[in-house]
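Nothing here was measured: the structure is a model prediction, and the numbers come from that model.
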Amino acid sequence: LEFRRVLFRSHIAISCKDPWATAEFYMEAFGMTKVGETHSSLADGVYLSDGTINMALLHYKNNEVAGVKGRYYEGLHHLGFWVDDIETAKKDVERHGARWFMGEVADATTFYEVKYYTPDGTMFDITQNGWGGATK
């Protein structure tokens, strides 16, 4: 029997109407630091960090990329895991029932996420390159 411990390291995403107002709350209330922004075809948003984890505050642009919760959902959207080897992790999660949703590794030297659903429908993503403001 093989036991493998995986630490939750690095990323939590919250879907919200106004990522900048939400970011102000977390920065003022908890001392988080803004480490980036996104204005992509998927979402607009702000990335914060407490020095250990990355928090993505996202306003999704359409239902297709927002997943089963839809673009108007507000609250915890998904978790992210920083893995040691993306190809091994993909095989492991699929072997245990995860369903691929979107994303692939286009270039292992740049940022990417591969998104899945757990068997119970919770969205998560995996990456080998981490997130801004997160530590491994």
Shortest non-hydrogen contact from A13 toward L58: CB-CD1, 4.3 Å
Assess whether side-chain contact (heavy atoms from CB on, under 4.5 Å) is satisfied between M123 and M102, documenting all intermediate values. CA-CA 11 Å; M123 186 187 296; M102 66 184 292; over 6 Å; no
Student check: side-chain heavy atoms of V93 and F124 closer than 4.5 Å: yes
How many angstroms lie between atom CD of E24 and atom NZ of K34, to the nearest 0.5 angstrom? 8.5 Å
Rounded to the nearest 0.5 angstrom, the CD1-NZ distance for I126 and K115 is 11.0 Å
The reported gap from CG in N129 to CH2 in W82 (rounded to nearest 0.5 angstrom) is 8.5 Å
Does H77 have any side chain to side chain donor-acceptor pair (under 3.5 Å) partners at least two apart in sequence or in another chain, and if so, which? Y60
Kindly give the heavy-atom pair with the smallest separation between T52 and D50, and that separation in Å. N-OD1, 2.8 Å
Across all chains, not counting sequence neighbours, the side chain to side chain donor-acceptor pair (under 3.5 Å) partners of Y116 are E94
Taking only residues two or more places apart in sequence, or in another chain, which ones meet T33 in a side-chain contact (heavy atoms from CB on, under 4.5 Å)? none
Provide the closest heavy-atom pair for G80 versus W131 in the form atom of the first, atom of the second, distance. C-CH2, 3.6 Å
T127 (side chain) donor-acceptor with E113 (main chain) under 3.5 angstrom: no
List the residues meeting side-chain contact (heavy atoms from CB on, under 4.5 Å) with Y72, not counting sequence neighbours, and say none if there are none. none
Qualifying salt bridge (Lys or Arg N to Asp or Glu O under 4.0 Å) pairs, either residue in residues 56-71, two or more places apart: D44-K61
Backbone N/O of G67 and side chain of Y117: donor-acceptor pair under 3.5 Å: no
Suppose we screen for ring pair (Phe, Tyr, Trp, His ring centres under 6.0 Å). Which residues come up paired with Y73, at least two apart in sequence or across chains? none
What residues, two or more places apart in sequence or in another chain, satisfy salt bridge (charged side-chain N to carboxylate O under 4.0 Å, His left out) together with E74? K17
Starting at CG of D85, measure out to CD of Q128 and round the result to the nearest 0.5 Å. 5.5 Å
Only counting residues at least two apart or in another chain, list the ones meeting side-chain contact (heavy atoms from CB on, under 4.5 Å) with T22. C16, Y26, L57
Assess whether side-chain contact (heavy atoms from CB on, under 4.5 Å) is satisfied between I86 and Y112, documenting all intermediate values. CA-CA 11 Å; I86 190 69; Y112 64 86; 3.5 Å; yes
Qualifying residues under side-chain contact (heavy atoms from CB on, under 4.5 Å), relative to S40, sequence neighbours excluded: T38, L42
Minimum heavy-atom separation for G132 and S49, please, with both atom names. O-CB, 4.5 Å
Trace of the side-chain contact (heavy atoms from CB on, under 4.5 Å) decision for H11 with H78: CA-CA 9 Å; H11 177 71; H78 68 272; 3.3 Å; yes
Which residues satisfy the side chain to side chain donor-acceptor pair (under 3.5 Å) test with T122, sequence neighbours excluded? D120
Which heavy atom of H96 sits nearest a heavy atom of D92, and at what distance? ND1-O, 2.8 Å
Could you pull out the closest heavy-atom pair between A134 and N54, with the gap in Å? CB-N, 4.0 Å
